[in-house]
Amino acid sequence: MGSGIAEVLARSALDVLVVERDQEALDAGRQRVLTSLAKARATGKISEDDSRRALDRLSFSIDIGDLRDYPFIIEAVAEDHAVKLDVFRRLDEVLVDGGAIMASNTSSIPIAALAAATSRPENVIGLHFFNPVPVMKLVEITPSLLTSDETLATARRLAGERLAKTPITSPDRAGFVVNALLIPYLLSAIRMFEAGVATAEDIDTGMTLGCAHPMGPLALTDLIGLDTTAAVAESLYAEFRESHFATPPLLSRMIAAGQLGRKSGQGFYSYRR
Ligand code: CAA
């Protein structure tokens with residue numbers, strides 16, 4: 001999602017520095033932006049000139065220290081509590097501007113926990129985008145108990161005015177609004193498939209043609225990533241202890257087998273060419 005967020009920011013005339021963990025991730029991220037912009041050009045969503053200008057506003061680095069002078073950071077690392085806490089601790093060390101805002105694209109980890117890892121919890125907020133970011137209009141904005149009104153107002157202005165997304169304010173509880181509803185639905189579809197009730201194609205066709213969803217739940221799980229879906233489910237289960245948030249065995253086994261969805265080439269469907 002980081003590449004989608006970077007693309008949307010750059011297309012909104014903001015200078016963006018993308019920090020990746022290593023050169024391989026940097027190359028892959030840059031390639032994702034190029035591919036997405038090519039699609040936007042091909043479908044008439046952006047002109048050649050605007051696409052070039054957006055690319056010119058993007059720079060890449062593998063040194064988190066290069067973020068030191070930036071006023072607004074959006075973290076979009078793996079949906080893993082320890083990894084995110086580590087990033088927030090490191091950001092807190094490098095940021096020079098005491099007012100710099102640290103936002104997280106987490107979909108399930110408490111914003112209060114990320115805030116507590118920093119020396120400026122009032123500047124930490126949730127800014128949750130949806131996949132694919134250039135296409136999806138929603139951003140969930142989640143202040144923690146410690147977030148200042150000023151940080152919330154700045155985040156709302158960025159999402160709603162500058163990026164022209166539609167922000168909703170979500171509570172700081174696992175899954176916020178959207179994933180608290182979406183994840184049980186995806187897990188139910190996986191359980192239905194696992195029980196042999198219907199084929200993947202029939203489950204997805206049922207929901208696309210029967211309920212006018214743009215894609216079915218198994219294709220959507222492939223798009224989100226099976227590992228990310230399971231990580232969000234685990235956060236929800238840890239918070240609420242409700243059985244509809246429990247990870248189905250098939251999901252765990254597919255992850256163990258490296259079948260992570262689109263990004264790995266195989267999930268409930270195959271994406272290999
Ligand atoms: N910039 C702007 N527009 C772009 C673009 C880009 N970089 N790339 C594609 N588009 C546009 C296309 O022009 C096209 O526009 P039109 O509809 O006006 O023609 C549209 O996006 C979709 O085009 P595609 O041909 O790529 O594909 P599609 O029609 O098969 O739709 C999809 C694909 C957008 C993914 C659609 O199936 C969909 O909306 N699926 C549901 C996605 C969803 O639910 N996402 C949320 C997941 S949950 C999440 O992300 C959060 C979490 O925490 C887990």
Side-chain angles (χ1 to χ4, degrees), residues 1-12 29-48 50-55 58 74-80 84 103-111 126-142 159 163-168 170 173-187 189-190 204-205 207-209 211-236 245 247 251 260-263 267-269 271:
M1 289 186 77
S3 61
I5 296 170
E7 177 189 332
V8 165
L9 292 167
R11 285 169 67 172
S12 303
R30 196 198 322 252
Q31 189 51 51
R32 273 195 292 272
V33 176
L34 292 175
T35 304
S36 177
L37 281 173
K39 192 163 195 180
R41 285 197 305 275
T43 53
K45 292 293 179 336
I46 192 171
S47 68
E48 290 284 344
D50 285 347
S51 172
R52 198 169 325 109
R53 270 193 282 273
L55 273 178
L58 278 170
I74 302 175
E75 165 278 311
V77 301
E79 193 66 10
D80 177 306
K84 286 204 190 279
S104 175
N105 183 50
T106 182
S107 42
S108 62
I109 294 170
I111 305 303
L127 205 59
H128 181 219
F129 292 81
F130 290 80
N131 212 340
V133 181
V135 179
M136 304 302 281
K137 294 296 289 177
L138 188 74
V139 176
E140 286 183 299
I141 301 192
T142 303
L163 306 184
K165 300 283 187 193
T166 301
I168 59 171
S170 299
R173 36 180 262 160
F176 308 135
V177 169
V178 174
N179 278 326
L181 294 170
L182 176 65
I183 294 295
Y185 159 63
L186 300 181
L187 300 181
I190 296 168
D204 280 354
T205 303
M207 295 312 291
T208 50
L209 298 187
C211 295
H213 289 190
M215 67 206 310
L218 300 174
L220 182 54
T221 305
D222 279 353
L223 175 70
I224 293 170
L226 275 65
D227 50 345
T228 303
T229 303
V232 180
E234 275 155 26
S235 292
L236 282 157
F245 294 128
T247 309
L251 181 59
L260 306 181
R262 283 194 193 195
K263 62 186 162 191
F268 295 98
Y269 299 93
Y271 302 89

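Counting convention: from 1, in listed order, for ligands and their atoms alike. Residues take their numbers from the sequence shown, with the count starting at 1. Bear in mind that the values here come from a model prediction, so they are computed numbers and not experimental data.
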Kindly say whether Ala174 contributes a backbone atom to a donor-acceptor pair with the side chain of Asn179 at under 3.5 angstrom? no
Under 3.5 Å, side chain of Glu140 to main-chain N/O of Thr142, donor-acceptor pair present? no
Quick check: do Ile168 and Phe176 have side-chain heavy atoms less than 4.5 Å from each other? no
To the nearest 0.5 angstrom, please state how far the CG atom of Leu187 sits from the OG1 atom of Thr229. 8.0 Å
With a 4.5 Å limit on heavy-atom distance, are the side chains of Leu182 and Ile224 in contact? yes
Leu220 side, atom CG; Asn131 side, atom CG - distance, nearest 0.5 Å: 8.5 Å
Report all N/O contacts between ligand 1 and the protein shorter than 3.5 Å as a table of atom names and distances to 0.1 Å; if there are none, say 'none'.
| residue | atom | partner | partner atom | Å |
| --- | --- | --- | --- | --- |
| ligand 1 | 1 (N) | Arg11 | NH1 | 2.9 |
| ligand 1 | 7 (N) | Glu7 | OE2 | 3.0 |
| ligand 1 | 7 (N) | Ser36 | O | 3.1 |
| ligand 1 | 7 (N) | Ser36 | OG | 2.7 |
| ligand 1 | 13 (O) | Thr43 | OG1 | 2.8 |
| ligand 1 | 13 (O) | Lys45 | NZ | 2.8 |
| ligand 1 | 15 (O) | Lys45 | NZ | 2.9 |
| ligand 1 | 18 (O) | Lys45 | NZ | 2.9 |
| ligand 1 | 26 (O) | Lys39 | NZ | 2.6 |
| ligand 1 | 45 (N) | Asn131 | O | 2.7 |
| ligand 1 | 50 (O) | Asn131 | N | 2.9 |
| ligand 1 | 53 (O) | Ser107 | OG | 3.4 |
| ligand 1 | 53 (O) | His128 | NE2 | 2.8 |
| ligand 1 | 53 (O) | Asn179 | ND2 | 2.8 |

